[in-house]
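Positions are given from 1 along the sequence.
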Amino acid sequence: RWNQNRGYMSGTPNPAGLGLTKNPRGDIPLELFGGKEYARGAAILHQLRIELGDDVFQKGIQRYVKDNEDRAVTTEDLRQAMERESGTDLKWFFDQWVYGAGYPVLNVNYTVSGPASSPSTVVSIEQTQPAGSGQSDVFRISAPIRFGVDGVDRLDIRRRTQSFTLAGAISWIRVGNGGGLFAKVRINQPFESWRAALLTDPDPTGRLEAVEALLERPAEAAHLFWARFPEEKRAEVRVAMVRGIWGAAAGRERPIERASSDPDPRVREALADVLGGTDRAFAAKALTTLATSDASPYVRAAAARSLGRLHADDAFDVCVKLLAEVDSHREIVRAGALEGLKALADPRAIPLAKKHLSYDWARGDHHNMRHAALDLLLALAPDDPDTHAAVLPLLDDVYHRMRSWAAEACGAFGIRAAEPRLRAMAERDPDGGTKGAAKAALERLASKK
């Protein structure tokens with residue numbers, strides 16, 4: 001949930017600039033289109049769960065399913081089921097989130113005051129998002145707040161600027177609990193408070209936010225992460241620390257044994273990825289070991305990509321060997337090897353790319369590998385007639401995305417021999433996305449005449 005919310009918000013950094021206009025009917029979802037019905041829709045449901053509480057939310061979903069069994073529904077049916085179960089008017093919630101757009105951006109500060117015997121903490125929250133395109137400059141939102149190890153409260157935020165008083169002095173705060181809060185939050189607290197949060201917050205999403213904040217002082221953060229790494233139980237947080245350490249370019253003199261032998265492959269994959277941004281003398285040996293012997297195909301693929309990025313001395317031979325010998329889930333190792341060869345820009349890889357364009361591989365789910373082969377070919381020999389000849393048959397591929405990728409290549413690289421087939425695709429292809437790719441390719445070809 002935490003990752004998906006962040007993915008949506010990073011992909012929609014300025015909702016007020018989307019140019020959206022609310023439908024006069026008032027019951028047409030405004031920003032739930034183009035794939036946003038998944039990430040944004042899920043975020044809205046989880047925020048509704050926070051507003052109502054888990055028990056009421058689950059009962060409301062059960063009522064919604066039971067009352068609407070075997071019939072078509074609208075958003076209003078969901079609202080009515082939730083209102084009946086909760087006994088509250090939720091029109092404001094659906095108007096704001098479903099029929100509106102965007103999300104709140106919360107800037108959080110706090111101060112501790114009062115005598116040492118009975119201190120209090122004032123938490124100030126300012127909403128900083130602009131209004132526009134259906135996004136309000138004032139959201140109504142319930143936000144769990146956690147302070148220290150044991151403190152938990154809930155803030156009912158309704159104004160642009162609002163303050164809340166909590167009993168006691170606190171060492172750190174976190175606005176949110178788990179990953180469900182649908183808001184972008186900036187907490188202004190000192191390095192030592194974030195350090196305490198990393199060490200003591202029981203919520204792994206809170207520790208992830210602490211890692212991010214601590215990286216504002218990268219050298220200190222790197223040493224702290226290495227010290228904390230063996231004690232951190234959640235792989236997601238160890239991944240963030242590994243990326244932070246190497247991305248900050250601090251602490252590189254530390255041995256990489258700890259991360260390369262981590263029991264969770266996601267940590268080793270993160271290490272393989274970030275080492276590709278260091279230097280050959282430092283990283284090549286570790287990457288070759290990960291590429292050739294790690295138990296996880298995803299780690300081996302990441303290491304192959306990084307070997308290519310580094311132009312390591314043995315990168316070509318390692319990648320060729322992986323192509324020839326290693327079967328894996330979704331052919332991820334071969335895809336990584338092809339991406340490594342693309343980064344090397346060695347022309348000896350061109351015939352290897354052509355071989356891996358074929359659909360007829362033993363494992364059916366091999367589309368990432370084929371896409372990587374196409375990208376390699378286009379990167380290393382974009383104007384070669386043989387490359388164009390290899391792309392043309394892909395316009396008739398059985399896999400719709402490969403047809404789309406081939407159409408895009410024809411438009412981008414001026415493959416005019418494809419025009420008759422592209423016109424047929426634009427009219428008759430059974431996949432809408434592929435039709436669109438063919439039309440776009442024809443427009444690009446026309447613009448180059």
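Remark: the backbone N or O of Gly102 is paired with a side-chain donor or acceptor of Glu31 at under 3.5 angstrom. Using a distance-only test at 3.5 Å, with no hydrogens or angles considered, a donor-acceptor pair links the side chain of Thr289 to the main chain of Lys285. Of the possible polar contacts, none joining the Arg280 side chain to the Ala312 backbone as a donor-acceptor pair under 3.5 Å is found. In this structure, the side chain of Thr278 engages the main chain of Leu275 through a donor-acceptor pair within 3.5 Å. Glu269 places no side-chain N or O within 3.5 Å of a backbone atom of Asp264 that could act as its donor or acceptor partner. Checking side-chain atoms of Glu51 against main-chain N and O of Arg49 turns up no donor-acceptor pair under 3.5 Å. Asp262 places no side-chain N or O within 3.5 Å of a backbone atom of Ala259 that could act as its donor or acceptor partner. Side chain of Ser447 to main chain of Arg444: a donor-acceptor pair is present (N/O by atom type, distance under 3.5 Å, no hydrogens or angles). Checking side-chain atoms of Ser306 against main-chain N and O of Ala272 turns up a donor-acceptor pair under 3.5 Å.
Not counting sequence neighbours, Asp375 has no partner by the side-chain hydrogen bond (donor to acceptor under 3.5 Å, both in side chains) test. Remark: Ile170 pairs with Tyr110, Thr121, Phe147, Ile173 by the side chain to side chain contact (heavy atoms under 4.5 Å, CB included) rule, at least two apart or across chains. Scored by the ring pair (Phe, Tyr, Trp, His ring centres under 6.0 Å) test, Phe139 finds Trp97 as partners (sequence neighbours excluded). With sequence neighbours left out, Ala210 forms a side chain to side chain contact (heavy atoms under 4.5 Å, CB included) with Trp194, Ala197, Leu198. Residues that satisfy the ring pair (Phe, Tyr, Trp, His ring centres under 6.0 Å) test with His46, not counting sequence neighbours, are absent from this structure. Qualifying side-chain hydrogen bond (donor to acceptor under 3.5 Å, both in side chains) partners for Glu69, counting only residues two or more places apart in sequence or in other chains: none. With sequence neighbours excluded, the residues forming a side chain to side chain contact (heavy atoms under 4.5 Å, CB included) with Lys184 are Met9, Tyr103, Val105, listed by chain and number.
Between the CD atom of Gln135 and the CG atom of Leu30 there is a distance of 11.0 Å, given to the nearest 0.5 Å. In this structure, the separation between CZ on Arg401 and CG on Asn368 is 10.0 Å, given to the nearest 0.5 Å. The distance from atom OG1 of Thr288 to atom CG of Asp317, rounded to the nearest 0.5 Å, is 10.0 Å. Remark: His371 NE2 to Leu376 CG distance equals 12.0 Å, nearest 0.5 Å. Annotation: the span from Ile61 atom CD1 to Leu78 atom CG amounts to 5.5 Å, rounded to 0.5 Å. Once rounded to the nearest 0.5 Å, the distance linking CZ of Arg186 with CD1 of Ile125 reads 15.0 Å.
Partner of Leu307 under the side chain to side chain contact (heavy atoms under 4.5 Å, CB included) criterion, out of Asp313, Leu290, Val318, Leu322: Val318 alone.
Ion pair Arg309/Asp273 flagged as a salt bridge, since at least one NZ, NE, NH1 or NH2 atom sits closer than 4.0 Å to an Asp/Glu carboxylate oxygen. Under a 4.0 Å N-O distance rule, the pair Glu232/Arg207 qualifies as a salt bridge.
Sequence neighbours left out, the pairs with a member in residues 375-402 that pass ring pair (Phe, Tyr, Trp, His ring centres under 6.0 Å) are His367-Tyr399. Applying the salt bridge (Lys or Arg N to Asp or Glu O under 4.0 Å) test to pairs two or more places apart or on separate chains, those with a residue in residues 93-108 are Lys91-Asp95. Residue pairs meeting the salt bridge (Lys or Arg N to Asp or Glu O under 4.0 Å) criterion with at least one partner in residues 134-143, sequence neighbours excluded, are absent.
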Next on the checklist: Please evaluate residues Arg330 and Tyr298 with respect to the criterion side chain to side chain contact (heavy atoms under 4.5 Å, CB included), reporting the C-alpha separation (whole Å), side-chain torsions for both, the decisive distance (0.1 Å), and the verdict.
Outcome noted: CA-CA 10 Å; Arg330 303 183 69 185; Tyr298 288 84; 4.0 Å; yes
Item to check | Working for side chain to side chain contact (heavy atoms under 4.5 Å, CB included), residues Tyr359 and His366 | outcome: CA-CA 8 Å; Tyr359 187 86; His366 47 31; 3.8 Å; yes
Checklist entry - Where do Ile50 and Phe182 land on the side chain to side chain contact (heavy atoms under 4.5 Å, CB included) test, with the steps shown first? => result CA-CA 10 Å; Ile50 292 172; Phe182 193 11; over 6 Å; no
Item to check | From CA spacing to verdict: side-chain hydrogen bond (donor to acceptor under 3.5 Å, both in side chains), Asn107, Thr128 | outcome: CA-CA 7 Å; Asn107 191 46; Thr128 62; over 6 Å; no
Item to check | Audit row: Val242, Phe229, side chain to side chain contact (heavy atoms under 4.5 Å, CB included) steps and yes/no | outcome: CA-CA 9 Å; Val242 165; Phe229 191 89; 3.5 Å; yes
Please tabulate, for side-chain N and O atoms in residues 332-353, each donor-acceptor pair with protein atoms closer than 3.5 Å (sequence neighbours left out).
{"residue": "Arg334", "atom": "NE", "partner": "Leu323", "partner atom": "O", "Å": "2.7"}
{"residue": "Arg334", "atom": "NH1", "partner": "Val326", "partner atom": "O", "Å": "3.3"}
{"residue": "Arg334", "atom": "NH1", "partner": "Asp327", "partner atom": "OD1", "Å": "2.9"}
{"residue": "Arg334", "atom": "NH1", "partner": "Glu331", "partner atom": "OE1", "Å": "2.8"}
{"residue": "Arg334", "atom": "NH1", "partner": "Glu331", "partner atom": "OE2", "Å": "3.3"}
{"residue": "Arg334", "atom": "NH2", "partner": "Leu323", "partner atom": "O", "Å": "3.4"}
{"residue": "Arg334", "atom": "NH2", "partner": "Asp327", "partner atom": "OD1", "Å": "3.2"}
{"residue": "Glu339", "atom": "OE1", "partner": "Arg305", "partner atom": "NH1", "Å": "3.3"}
{"residue": "Asp346", "atom": "OD1", "partner": "Arg348", "partner atom": "N", "Å": "2.9"}
{"residue": "Asp346", "atom": "OD1", "partner": "Arg348", "partner atom": "NE", "Å": "3.2"}
{"residue": "Asp346", "atom": "OD2", "partner": "Arg348", "partner atom": "NE", "Å": "3.1"}
{"residue": "Asp346", "atom": "OD2", "partner": "Arg348", "partner atom": "NH2", "Å": "2.7"}

For a quick test of your reading: what N or O donor-acceptor pairs under 3.5 Å do the side chains of residues 408-416 make, sequence neighbours left out?
{"residue": "Arg416", "atom": "NH1", "partner": "Leu445", "partner atom": "O", "Å": "3.1"}
{"residue": "Arg416", "atom": "NH2", "partner": "Leu445", "partner atom": "O", "Å": "3.2"}

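Across every non-hydrogen atom of Leu181 and Gly176, the tightest pair is CD2-CA, 4.1 Å. For the pair Arg403 and Asp431, the tightest heavy-atom approach, listed with the atom from each and the gap, is NH2-CB, 4.2 Å.
Other residues, nucleotides and ligands contribute more than 12 heavy atoms inside 6.0 Å of the NZ atom of Lys22. Around the OH atom of Tyr38, the shell of radius 6.0 Å holds no more than 12 heavy atoms that belong to other residues, nucleotides or ligands. Within 6.0 Å of NZ in Lys233 there are 12 or fewer heavy atoms belonging to other residues, nucleotides or ligands. Other residues, nucleotides and ligands contribute over 12 non-hydrogen atoms within 6.0 Å of the CZ atom of Arg1. Shown here is Lys321, whose NZ atom has no more than 12 heavy atoms of other residues, nucleotides or ligands within 6.0 Å.
For the residue pair Asp294 and Ser296, no side-chain donor N or O sits within less than 3.5 Å of a side-chain acceptor on the partner. Asn68 and Arg71 share a donor-acceptor pair across their side chains, judged by distance under 3.5 Å alone. Using modelled atom types and a 3.5 Å distance limit, the side chains of Arg174 and Thr205 yield a donor-acceptor pair.
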